[in-house]
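Here you go, one structure.
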Amino acid sequence: MHYRTLGGDGPRISAVCLGTMTFGTTVDERTACAVLDRFAEAGGTFLDTADNFACWVPGATGGESERVVGRWLRSRRAADRTVVATKGGARPDPARGPHWPANAEGLGARALRTALEGSLRRLGTERVDLYSAHAEDRTVPLAETVGTLAGFVRDGRVGALGLSNHATWRLAEARQTAACLGLPGFRAVQQRHTYLRPRPEPPAGLQRDADEELLDYAAAHPELTLLGHSPLMAGGYARPDRPLPERYDHPGSVIRMRVLAEVAAECGATANQVVLAWMMGGEVPVVPVLGVSSVAQLDECLAALDVVLDPYQRARLDTA
């Protein structure tokens, strides 16, 4: 395993993060614990969850992932050697209507306090290492959100703060607001990120991509840790039965997929492994958030840590 530091001066984290979004819903708890055990055995220390995971699965309400992670942490006595990240702001709130994500809890002070309390209860801990605002909420003054999150750090319930699915200018404004008010700022950002580039179109739903603007901002602020979720497009690189998501299905992807296959063959690696190595070793290193549903899938991803791209291969991948 390789390691880096969260937020420049935070805890040491593994270079890959295990995403647990489907644990407790489409991935049963026994399988989830086997994946968690294998990740820890390989030296993995960084887990990602959220209070709304996975509310869109029929029969789920959100919080299932946090409960599974919490039970695993307690049963393995792993809390002291695990860096846990969770998020609030996107869990369904029935009082705000029947349909998600329109009824997401939002980023107001009261909603965030309730969200954090629920996450800590489900995780069975008094503190989380990284707590992120899950999605933009422009109905709430930014200073209110920033101030509330900073309070969680001051009272010891949160180690570091992050943002997820926010426009780069909102990230910059939130960090500036915290700095001007003398409050704990944001040390991490999590966006959807992969090797293929999506069409330049307005974001659909809650998710946002790590675009060139964000990468440029992160390059200028090396203390900011960038996490990339959905790096393997749910099998889109490896499975012929999984067509590319529509947003990636354009002529530019044909060229990048060809170069990706060439580099994978040269390295004796899979396309998935090259994508992960490309993310981790770029000018702006990205921590991939791995979404896997089996130990075999995890092992393939972990092997990416041994893939070394030479400068010529990386240049070809970057410029394709």
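Bear in mind the structure is a predicted one, so any value in this text is a computation, not a measurement.
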Would you mind reporting whether L149 and L112 have side-chain heavy atoms less than 4.5 Å apart? yes
Restricting to side-chain contact (heavy atoms from CB on, under 4.5 Å), what partner residues turn up for A109, sequence neighbours left out? R113, E144, T148
Output a table of donor-acceptor pairs, distance under 3.5 Å, between side-chain atoms of residues 92-104 and any protein atom two or more places apart or on a different chain; print 'none' if there are none.
{"residue": "D93", "atom": "OD1", "partner": "A95", "partner atom": "N", "Å": "3.0"}
{"residue": "R96", "atom": "NH1", "partner": "A104", "partner atom": "O", "Å": "2.7"}
{"residue": "R96", "atom": "NH1", "partner": "E105", "partner atom": "O", "Å": "2.6"}
{"residue": "W100", "atom": "NE1", "partner": "A90", "partner atom": "O", "Å": "2.7"}
{"residue": "N103", "atom": "ND2", "partner": "G97", "partner atom": "O", "Å": "2.9"}

Between the main-chain N or O of A115 and the side-chain N or O of R91, is there a donor-acceptor pair closer than 3.5 Å? no
Only one of D48, V69, T86 clears side chain to side chain contact (heavy atoms under 4.5 Å, CB included) with F53; which? D48
Sorted by chain and number, sequence neighbours left out, salt bridge (charged side-chain N to carboxylate O under 4.0 Å, His left out) with E223 holds for R175
Over all heavy atoms of both residues, which pair between L163 and A174 is shortest? Give the atoms and the distance, please. CD1-CB, 4.0 Å
With the side chain counted from C-beta on, respond yes when D9 and R187 share a heavy-atom pair under 4.5 Å apart, and no when they do not. yes
Distance-only side-chain donor-acceptor flag, Y237 / T194, under 3.5 Å: yes
Between R208 and R170, is there a side-chain heavy-atom distance shorter than 4.5 Å? no
Is it true that D318 and R316 have a side-chain N and a carboxylate O under 4.0 angstrom from each other?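 Salt bridge absent between D318 and R316.
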Set of salt bridge (charged side-chain N to carboxylate O under 4.0 Å, His left out) partners for R122, sequence neighbours left out: E66
Should V16 and V289 be counted in the same cluster of Ile, Leu, Val, Met, Phe, Trp and Tyr side chains packed under 4.5 Å apart? no
Below 4.5 Å, heavy atoms only, C-beta onward: do L232 and V275 meet side chain to side chain? yes
Other hydrophobic cluster members with I255, side-chain heavy atoms of Ile/Leu/Val/Met/Phe/Trp/Tyr under 4.5 Å, chained?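 Joined to I255, directly or through intermediates: none.
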Side chain proximity check, T168 to Q191, heavy atoms < 4.5 angstrom: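 T168 vs Q191: side chains apart.
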Can R30 and D28 be counted as an ion pair, charged N to O under 4.0 angstrom? no
Going by the side chain to side chain contact (heavy atoms under 4.5 Å, CB included) test, name the single residue among V189, V284, L226, L224 that passes it with Y217.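 Answer after filtering V189, V284, L226, L224: L224.
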With the side chain counted from C-beta on, respond yes when E262 and Q313 share a heavy-atom pair under 4.5 Å apart, and no when they do not. no
Could you tell me if the side chain of E136 sits less than 4.5 Å from the side chain of N165, heavy atoms only?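 In short, these two side chains do not touch, never coming nearer than 4.5 Å.
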Acceptor/donor pairs from residues 179-186 side chains to any protein atom, 3.5 angstrom cut, sequence neighbours excluded:
none

Given the rule that I, L, V, M, F, W and Y join up when any side-chain heavy atoms are under 4.5 Å apart, are I13 and L123 in one cluster?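 Different clusters.
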Decide whether L290 and M1 are clustered together by the hydrophobic rule: side chain heavy atoms of Ile, Leu, Val, Met, Phe, Trp, Tyr closer than 4.5 Å, transitively.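 Cluster IDs for L290 and M1 match.
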Any side-chain heavy-atom pair from R192 and H229 closer than 4.5 angstrom?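 Answer yes - side chains close enough.
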